[in-house]
Chemist: 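Here you go, one structure.
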Amino acid sequence: MDNLHRLETLEQMRLLSDERRLVILQRLMAAPATLSQLGEAMGKHAAWVRHHLTRLEQVGLVELCATRDIGGFVEKYYRATSRAFSFSALITPALADGGALVVVGSHDLALEILAQMCRDSAETADLWVVPMGSLDGLISLRQGLGQIAACHLLDQETGEYNAPYVTRLFPGERMVLLTLCRREQGLMTAPGNPLGIQRLEDLAEKGARFVNRGRGSGTRLWLDQALRRLGISADRIVGYDDEVATHTEVAARVAEGEADCGLGIKAAAAARGLGFVSLFHERFDLVMRAQRWDAPETKSVAEMIASDAFQERILGLGGYDLSEAGRVQTVE
C-alpha cells in the first residue's frame, strides 16, 4: 500500500481502483489510441470506453494528443499524461499479474512494433511498453516495476552503451542485455530544412525553435553531454526546456510547425516526411535480470525479434540496423 501515496487525490485513487479504468490507462501508457481502438482491444463498445476515458481525463491522467479528419469524421487520439507515469508503481504490476511482460524505459518505434506483434501472436507473451526514459526505466526495473528495461545510455568514460549503467545500478546481480537494434539519431527539421541546420551549433547560432526530450531519456543525456563538450549553454537554445516524452512527439511538433528542430530517431522523422541531419548511431538494449531471461515467455519475445516478419517491418522504417539484433550480453 506504500505506493498509494503517489496518487495525488482521493478521486484519482478511486478511479484507478476500478480495474476497467486501470486497463484503459495501461493501454494508453503503452501507446496513443482512439476510442474505437480501445474498444476493439478490450471487446467493449466505444460508448463504454468514452465514459471511463472521460473520467480519467477529468482528473488529468489522460489527454487528447492528436486528431485526424477522415472523410469529414474527426478521429481523436488519446494518451496517458506525464502525471500518469508517476503512478507506474501502482499501474504496471496489474499487467504483469495477467501474464504480460512490461517494458519500462526508452521509447522506440521498433519496440512499439515488437510489442504489437507479440500481442497479436498467440505464441508469444503479451508485451506492453511504458515509456519513461532510459535512466528511469533502469531505476524502475531495480524497484520491481516491470520485468524489462529499454535503454540506450552511452557511458562517456568507456564509450560503451548500457552495460556500465547496468553494472552500477544492479551491483552483484547477474543481468542480461538483449540487443533489439542499432538506430540512427539526428536533428529533425521541417521538410527541405529551410533554416539550413547541419550541426548542433546551429541550434543557437540560427535561433532555431527547439523541442527537447525529457530529463533521464537517453537522447536527452546524449544531447546534454554533447553541448557540454561544445561549450554551448542550454540557455542559448530557444525552447530547450520544452520537453516531450517520445520521438514521435518530437516529430509531430516539428511537422506541425510548433518547432523548427528536434533531436530524435531517423524513423520518426521519415514517418512524418521531415528533413533529417544524421548525428550518431547507438545500440538499443532490453535489460532484465538473468532469471527473467531464462523464462519461456522472454524466450518467445527473443524469437519474435529474430523472425523475418519483425525484421522486415523494422528495416522498412529506415534508420535501423539489425545486424546485432538478438545479441545477448551478460553482466554482473
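For the numbers below, each heavy atom of this structure counts, side chains included, while hydrogens, waters and symmetry mates do not.
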Chemist: Going from CD1 on I232 to CG on L203, what distance comes out if it is rounded to the nearest 0.5 angstrom?
Modeler: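 Those atoms lie 7.5 Å apart.
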
Chemist: Is the backbone N or O of D136 less than 3.5 Å from a side-chain atom of S140, with the two atoms forming a donor-acceptor pair by type?
Modeler: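 Answer holds: yes.
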
Chemist: Rounded to the nearest 0.5 Å, how far apart are OG1 of T298 and CE of M288?
Modeler: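 These two atoms lie 6.0 Å from each other.
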
Chemist: Under 4.5 Å between any side-chain heavy atoms of V250 and L263, yes or no?
Modeler: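 Side-chain contact under 4.5 Å: no.
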
Chemist: Where do I265 and H247 come nearest, in terms of heavy atoms and distance?
Modeler: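 Smallest heavy-atom distance, with atoms named: N-ND1, 3.3 Å.
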
Chemist: Between Q198 (side chain) and V277 (backbone), is there a donor-acceptor pair under 3.5 Å?
Modeler: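 No.
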
Chemist: Only counting residues at least two apart or in another chain, list the ones meeting side chain to side chain contact (heavy atoms under 4.5 Å, CB included) with E312.
Modeler: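 For E312, the residues satisfying side chain to side chain contact (heavy atoms under 4.5 Å, CB included) (neighbours in sequence not counted) are D308.
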
Chemist: Under a 4.5 Å side-chain heavy-atom rule over Ile, Leu, Val, Met, Phe, Trp and Tyr, are L227 and L153 clustered together?
Modeler: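 In one cluster with L227: L153, no.
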
Chemist: Does the pair E243 and R215 meet the rule for a side-chain contact (heavy atoms from CB on, under 4.5 Å), with working shown?
Modeler: CA-CA 8 Å; E243 301 174 356; R215 294 172 176 81; 2.4 Å; yes

Chemist: Ignoring hydrogens, what is the shortest heavy-atom contact between G146 and V104? Give both atom names and the distance.
Modeler: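 What the structure gives for the nearest pair is CA-CG1, 4.5 Å.
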
Chemist: Please name the pair of heavy atoms, one in A269 and one in G275, separated by the smallest distance, quoted to 0.1 Å.
Modeler: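 Here A269 and G275 meet closest at CB-O, 4.3 Å.
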
Chemist: Just do the side-chain contact (heavy atoms from CB on, under 4.5 Å) check on V287 and I148 with the steps written out, would you?
Modeler: CA-CA 5 Å; V287 180; I148 300 171; 5.9 Å; no

Chemist: Can you sort out the partners of R229 under salt bridge (charged side-chain N to carboxylate O under 4.0 Å, His left out), two or more places apart, ordered by chain and number?
Modeler: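 Once residues adjacent in sequence are excluded, R229 has no partner under the salt bridge (charged side-chain N to carboxylate O under 4.0 Å, His left out) criterion.
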
Chemist: To the closest 0.5 Å, what do you measure between CG (L101) and CG (L286)?
Modeler: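 Atom-to-atom, L101:CG and L286:CG are 10.5 Å apart.
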
Chemist: When rounded to the nearest 0.5 angstrom, what distance separates OG1 in T179 from CD1 in I305?
Modeler: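 Rounded to the nearest 0.5 Å, the OG1-CD1 separation comes out at 9.0 Å.
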
Chemist: Ring of F310, cation from R313 - is the NZ or CZ under 6.0 Å from the centre and inside 45° of the axis?
Modeler: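 No cation-pi geometry.
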
Chemist: Does the pair L114 and L180 meet the rule for a side-chain contact (heavy atoms from CB on, under 4.5 Å), with working shown?
Modeler: CA-CA 9 Å; L114 174 66; L180 178 64; 4.0 Å; yes

Chemist: Find the distance between NZ (K266) and OG (S278) and round it off to the nearest 0.5 Å.
Modeler: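 One gets 7.0 Å once the value is rounded to the nearest 0.5 Å.
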
Chemist: If you count every heavy atom of other residues, nucleotides or ligands that lies below 6.0 Å from R174 atom CZ, does the total exceed 12?
Modeler: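 Check fails, neighbour count at 12 or below.
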
Chemist: V62 and L53: which non-hydrogen atoms are nearest, and at how many Å?
Modeler: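 Heavy atoms of V62 and L53 come nearest at CG1-CD1, 3.6 Å.
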
Chemist: Which atom pair, heavy atoms only, marks the closest approach of V254 to G262?
Modeler: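 Looking at all heavy atoms of both residues, the closest pair is CG2-N, 4.0 Å.
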
Chemist: Given salt bridge (Lys or Arg N to Asp or Glu O under 4.0 Å), test D224 with R228 step by step and report yes or no.
Modeler: CA-CA 6 Å; D224 288 344; R228 281 196 294 271; 5.3 Å; no

Chemist: Do you reckon Y77 sits in the same ILVMFWY cluster as I113, going by side-chain contacts under 4.5 Å, direct or chained?
Modeler: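 Hydrophobic grouping puts Y77 apart from I113.
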
Chemist: Hydrophobic cluster membership, with links at side-chain heavy-atom distances under 4.5 Å among I/L/V/M/F/W/Y: are L154 and L279 in one?
Modeler: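 L154 clusters together with L279.
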
Chemist: Answer yes or no: is there a donor N or O on one side and an acceptor on the other, between the side chain of E249 and the main chain of T246, under 3.5 Å?
Modeler: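 Yes: the side chain of E249 pairs with the backbone of T246.
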
Chemist: Kindly compute the distance separating CG (L28) from CG (L56), expressed to the nearest 0.5 Å.
Modeler: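 Going from CG on L28 over to CG on L56, the span is 8.0 Å.
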
Chemist: Among all residues two or more places apart in sequence or in another chain, which pass the ring pair (Phe, Tyr, Trp, His ring centres under 6.0 Å) test with F210?
Modeler: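 Applying ring pair (Phe, Tyr, Trp, His ring centres under 6.0 Å) to F210 gives none.
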
Chemist: If hydrophobic clusters are built by linking Ile, Leu, Val, Met, Phe, Trp and Tyr wherever their side-chain heavy atoms come under 4.5 Å apart, do Y78 and L25 end up in the same one?
Modeler: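 Yes; L25 is reachable from Y78 via cluster members.
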
Chemist: Assess the residue pair W128 and M29 against the criterion (side-chain contact (heavy atoms from CB on, under 4.5 Å)); give the C-alpha distance rounded to whole Å, side-chain angles, the decisive distance to 0.1 Å, and a yes or no.
Modeler: CA-CA 9 Å; W128 293 95; M29 291 177 77; over 6 Å; no

Chemist: State whether the side chain of T54 and the backbone N or O of R50 hold a donor-acceptor pair below 3.5 Å, judged by distance alone.
Modeler: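 Yes: the side chain of T54 pairs with the backbone of R50.
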
Chemist: Which heavy-atom pair separates T81 from G60 by the least distance, and what is that distance?
Modeler: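 Scanning both residues, the minimum pair turns out to be OG1-O, 2.7 Å.
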
Chemist: Go through T219 and Q185 one step at a time and tell me if the side-chain hydrogen bond (donor to acceptor under 3.5 Å, both in side chains) criterion holds.
Modeler: CA-CA 8 Å; T219 299; Q185 286 226 52; 2.9 Å; yes

Chemist: Is it true that L135 and V331 fall in one hydrophobic cluster, defined by side-chain heavy atoms closer than 4.5 Å?
Modeler: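 Yes, one cluster joins them.
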
Chemist: Measure from the side-chain N and O atoms of D202 to the backbone N and O of I197, and report whether any donor-acceptor pair falls under 3.5 Å.
Modeler: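 No; judged by distance alone, with no hydrogens or angles, the pair does not exist.
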
Chemist: Are any side-chain N or O atoms of R253 and backbone N or O atoms of E258, one a donor and one an acceptor, separated by less than 3.5 Å?
Modeler: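 Not at all, since once roles are kept as given, no pair shorter than 3.5 Å links the two residues.
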
Chemist: Using the salt bridge (charged side-chain N to carboxylate O under 4.0 Å, His left out) rule, collect all pairs that involve residues 275-300, keeping only residues at least two apart or in two chains.
Modeler: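 Applying salt bridge (charged side-chain N to carboxylate O under 4.0 Å, His left out) to every pair that reaches into residues 275-300, excluding sequence neighbours, yields E173-R289, R183-E282, R283-D285, R292-E297.
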
Chemist: Can you name the ring pair (Phe, Tyr, Trp, His ring centres under 6.0 Å) partners of W222, sequence neighbours left out?
Modeler: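 For W222 the ring pair (Phe, Tyr, Trp, His ring centres under 6.0 Å) partners, ignoring immediate neighbours, are F280.
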
Chemist: Tell me, which pairs form a salt bridge (charged side-chain N to carboxylate O under 4.0 Å, His left out) where one or both residues lie in residues 109-123, sequence neighbours left out?
Modeler: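 Matches after skipping sequence neighbours: none remain.
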
Chemist: ring-ring contact (aromatic ring centres under 6.0 Å, His included) with W48: which of H52, H51, H45?
Modeler: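 Exactly one candidate clears the test, H52.
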
Chemist: With heavy-atom distances below 4.5 Å as the criterion, would you say the side chains of R79 and E63 are in contact?
Modeler: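 In contact.
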
Chemist: Is the shortest side-chain heavy-atom distance between F170 and L138 below 4.5 Å?
Modeler: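 Yes - at least one pair of side-chain heavy atoms lies under 4.5 Å apart.
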
Chemist: Is it the case that the side chain of R213 and the backbone of G133 share a donor-acceptor pair, with hydrogens and angles ignored and the cut-off at 3.5 Å?
Modeler: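 Judged by distance alone, no pair lies under 3.5 Å.
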
Chemist: Return yes if some donor-acceptor pair links the side-chain N/O of R182 with the main-chain N/O of F284 below 3.5 Å, else return no.
Modeler: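 The answer is no, because no donor-acceptor pair under 3.5 Å joins these two groups.
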
Chemist: Is there a donor-acceptor contact under 3.5 Å from the side chain of E184 to the main chain of H281?
Modeler: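 Flag not set: sc E184 to bb H281 has no pair under 3.5 Å.
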
Chemist: For the backbone of G214 and the side chain of S217, can you confirm whether one donor and one acceptor N or O come within less than 3.5 Å of each other?
Modeler: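 Indeed, once roles are kept as given, a pair shorter than 3.5 Å links the two residues.
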
